[in-house]
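Side-chain atoms are counted along with the backbone in the values below, which use heavy atoms only and exclude waters and symmetry mates.
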Amino acid sequence: MEPKIIKTDSGIEIKELYCEPVKMDELPGQFPFTRGVHAAMYRDRMWTMRQYAGFSTAEESNKRYHFLLSQGVSGLSVAFDLPTQIGYDSDHPMSEGEVGKVGVAIDSLQDMELLFRDIKLADISTSMTINATGFILLSLYIALAKKQGADIKKISGTIQNDILKEYAARGTYIYPPAPSMRLITDIFEYCSKETPKWNTISISGYHIREAGSNAVQELAFTLANGKAYLQAAIAKQLDINNFGQRLSFFFNAHNNLFEEVAKFRAARRMWAKITKDLGATDPKAQMLRFHTQTGGSTLTAQQPKNNIVRVALQGLSAVLGGTQSLHTNGYDEALSLPTEEAASIALRTQQILAFESGATDTVDPLAGSYYVEALTNEVETAAWKLIDKIDAMGGAVKAIEQHFMQDEIARSAYAYNKAIEDKSKVIVGVNKFTSAEAARPPVFRIDDSIRITQSEKLKKLRAERNNEAAMNCLATLKQKATTTENLMPFVITAVENMCTLGEIADTLREVWGEYRG
């Protein structure tokens, strides 16, 4: 009988038995950080428990944030609606049908104040999943912190700000690559001086995986994008030992527990080498710190409560892999935005992992496993091969322009879905162990009237603000966009003078145009 061949979704063949001992001379908290970025990991410092939330209006999202804070989250994570992500105010014709649907609608500083009403920015860590308009949302956050009387040098959090993965996998870009990269390095430069505790970019493999990549592609493309950001900042004469400390990553966690753990461990080792090769000598600039979210694309509408088990498994992989921050999905997210019950169960899942599972009792608990160490090496080797291809093309930007990443992701997505269709890959409740379901859990829907509410707020804001001051701010921003000056101070001044997100985005559209792919 032919021996059975088992491969991961990345194509890595899994042996029936692993018997080779592994030399373990690496220590956590030391280069190359395979075993973790902190010496004692969760024994000293638990990961930040976040719940990604944002929907409807700022007022409604604020209520959910207060609920999550009351349940024990240690950091907020903000989801923005599609118009906010691509630079349109809620009353713009392009916003129709999308306002408040996949996140909260933020048009102005007034909305930001409502979003964080009775929440002191000095006391929390906030992650904002925003890219093309990340510079505007960060400006709004800084303006609100100043208005609250906070010392902006002490505010903490992360802005995703990863435009390359938008071109490669997700599509919520606005401007061409060159000015988009300019905005990112402007943020690096501004924050290194003014908000040194703020993580200026969260280089995201999450959306690359959601688009259909496998684990190795997620790792390789994410690190290649990260390398491109480092090179762009170095070209702007920024010190890698300074700005490199404020870079973080955002990875996906899927169902293959051991491959995911191997991916996270390999990522740290690879990033340490990349940063060292580019001149980083400070260990803090060589560390790969990352947030993890459980896999949205793995959630099934069929038998949705099975997703509770999937999320727990994925969350465990992130913990065993050494994550610094974690969001666990609601079991009903294949059907709608998460209900309050689903969000609560997702948070309790993290708390059970932290305080009941024993997974946090020792550092890197799977280290030395013949299987996990071998798989870490295999994942790393396969990822380097892809990065070498990207480097040969001239780097991540060139690879994206040549559609290399996009085509690789599309091929992987096709193979994955074909395997589900021919049942060579089992998805419980979907292509095996199915049942006739009559009932579905209650779903959380957003009313289209949100756009009317937001439009009325915008009309009132434009009538009451100092329009001359607002227009002067936009004119100055437009002029500065034709220079090499850092744009962040001018954007912050604009939002403080009640310029809207759409007005600021449109001003730069006039200068730089839009990217059509």
Side-chain angles (χ1 to χ4, degrees), residues 7-12 50 52 77 79 102 127 129 131 160 162-172 201-226 248-268 270-271 288 290-300 307 310-311 313-323 325-329 333-334 375-376 378-380 382-383 386-387 390 396 399-400 404-420 425 427:
K7 293 183 179 182
T8 70
D9 292 333
S10 301
I12 295 171
R50 298 188 187 277
Y52 189 44
S77 188
V102 298
S127 173
T129 303
N131 296 284
Q160 191 161 102
D162 176 7
I163 201 64
L164 292 180
K165 70 96 173 48
E166 296 296 330
Y167 299 122
R170 191 162 173 261
T172 63
I201 192 168
S202 176
I203 304 158
S204 176
Y206 185 84
H207 299 101
I208 290 170
R209 193 69 173 277
E210 290 294 283
S213 82
N214 58 45
V216 166
Q217 290 169 334
E218 177 193 358
L219 176 58
F221 297 163
T222 304
L223 296 189
N225 288 346
S248 65
F249 286 79
F250 176 23
F251 286 117
N252 208 312
H254 271 224
N255 289 329
N256 188 322
L257 176 73
F258 297 106
E259 185 176 39
E260 295 302 295
V261 172
K263 178 188 74 180
F264 298 136
R265 299 174 87 247
R268 281 191 293 271
M270 294 174 73
W271 186 246
L288 183 147
F290 68 101
H291 169 70
T292 311
Q293 182 174 339
T294 55
S297 62
T298 69
L299 303 179
T300 64
N307 294 328
R310 293 186 178 103
V311 168
L313 183 69
Q314 294 162 10
L316 179 61
S317 78
V319 172
L320 293 174
T323 193
S325 171
L326 178 61
H327 163 82
T328 33
N329 289 333
E333 288 187 54
L375 195 53
T376 300
E378 291 254 27
V379 168
E380 180 183 2
L386 283 173
I387 291 175
I390 291 166
I400 289 166
F404 171 73
M405 291 189 194
Q406 297 93 313
D407 291 346
E408 288 288 307
I409 293 167
R411 275 193 286 271
S412 178
Y414 175 78
Y416 183 85
N417 283 293
K418 187 173 182 295
I420 293 172
K425 183 171 188 64
I427 305 295

Results of side chain to side chain donor-acceptor pair (under 3.5 Å) for Glu166 - residues two or more places apart only: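 If we apply the side chain to side chain donor-acceptor pair (under 3.5 Å) test to Glu166, skipping adjacent residues, the hits are Asn131, Arg170, Thr172.
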Please name all residues satisfying side chain to side chain donor-acceptor pair (under 3.5 Å) with Lys425, sequence neighbours left out, ordered by chain then number.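 Here the qualifying residues are Asp9.
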Note, [X] side chain near [Y] side chain (heavy atom, < 4.5 Å):
X      : Y      : result
Leu386 : Phe404 : yes
Phe249 : Phe264 : no
Leu375 : Val261 : no
His254 : Ser317 : no
Thr8   : Val379 : no
Phe290 : Arg268 : yes

Classify the ring geometry of Phe250 against Tyr206: parallel below 30°, tilted from 30° to 60°, perpendicular beyond 60°.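 Correct class here is parallel.
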Qualifying residue for side chain to side chain donor-acceptor pair (under 3.5 Å) with Arg310, from Asn329, Thr294, Thr300: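 When side chain to side chain donor-acceptor pair (under 3.5 Å) is applied between Arg310 and each of Asn329, Thr294, Thr300, only Thr300 qualifies.
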To the nearest 0.5 Å, what is the distance between [atom1] ([X]) and [atom2] ([Y])?
X      : Y      : atom1 : atom2 : result
Glu218 : Ile208 : CD    : CD1   : 7.5 Å
Ile201 : Ser248 : CD1   : OG    : 8.5 Å
Ser297 : His207 : OG    : NE2   : 11.0 Å
His327 : Ser127 : NE2   : OG    : 10.5 Å
Leu316 : Leu257 : CG    : CG    : 5.5 Å
Leu320 : Arg265 : CG    : CZ    : 10.5 Å

Smallest separation among heavy atoms of [X] and [Y], with atom names:
X      : Y      : value
Ala253 : Thr292 : CB-CG2, 3.7 Å
Leu219 : Ala383 : CD2-CB, 3.9 Å
Tyr167 : Gln406 : O-NE2, 3.5 Å
Ala220 : Ile387 : O-CG1, 3.6 Å
Lys165 : Asn225 : N-ND2, 3.8 Å
Ile390 : Ala396 : CG2-N, 3.6 Å

Do the side chain of [X] and the main chain of [Y] share a donor and acceptor less than 3.5 angstrom apart?
X      : Y      : result
Glu260 : Gln314 : no
Gln217 : Asn214 : yes
Glu210 : Gly296 : yes
Asp162 : Ser204 : yes
Ser10  : Val216 : yes
Thr328 : Val311 : no
Lys263 : Asn252 : yes

Please say whether more than 12 non-hydrogen atoms of neighbouring residues, nucleotides or ligands are located less than 6.0 Å from OH in Tyr416.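 Yes, because the 6.0 Å sphere around OH of Tyr416 holds more than 12 heavy atoms from other groups.
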Residue pair Asn307, Glu333: steps toward the side chain to side chain contact (heavy atoms under 4.5 Å, CB included) verdict: CA-CA 9 Å; Asn307 294 328; Glu333 288 187 54; over 6 Å; no
Please list, chain by chain and in numerical order, all residues satisfying side chain to side chain contact (heavy atoms under 4.5 Å, CB included) with Ala415, sequence neighbours excluded.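 Testing Ala415 for side chain to side chain contact (heavy atoms under 4.5 Å, CB included), a comparison that skips the adjacent residues, returns none.
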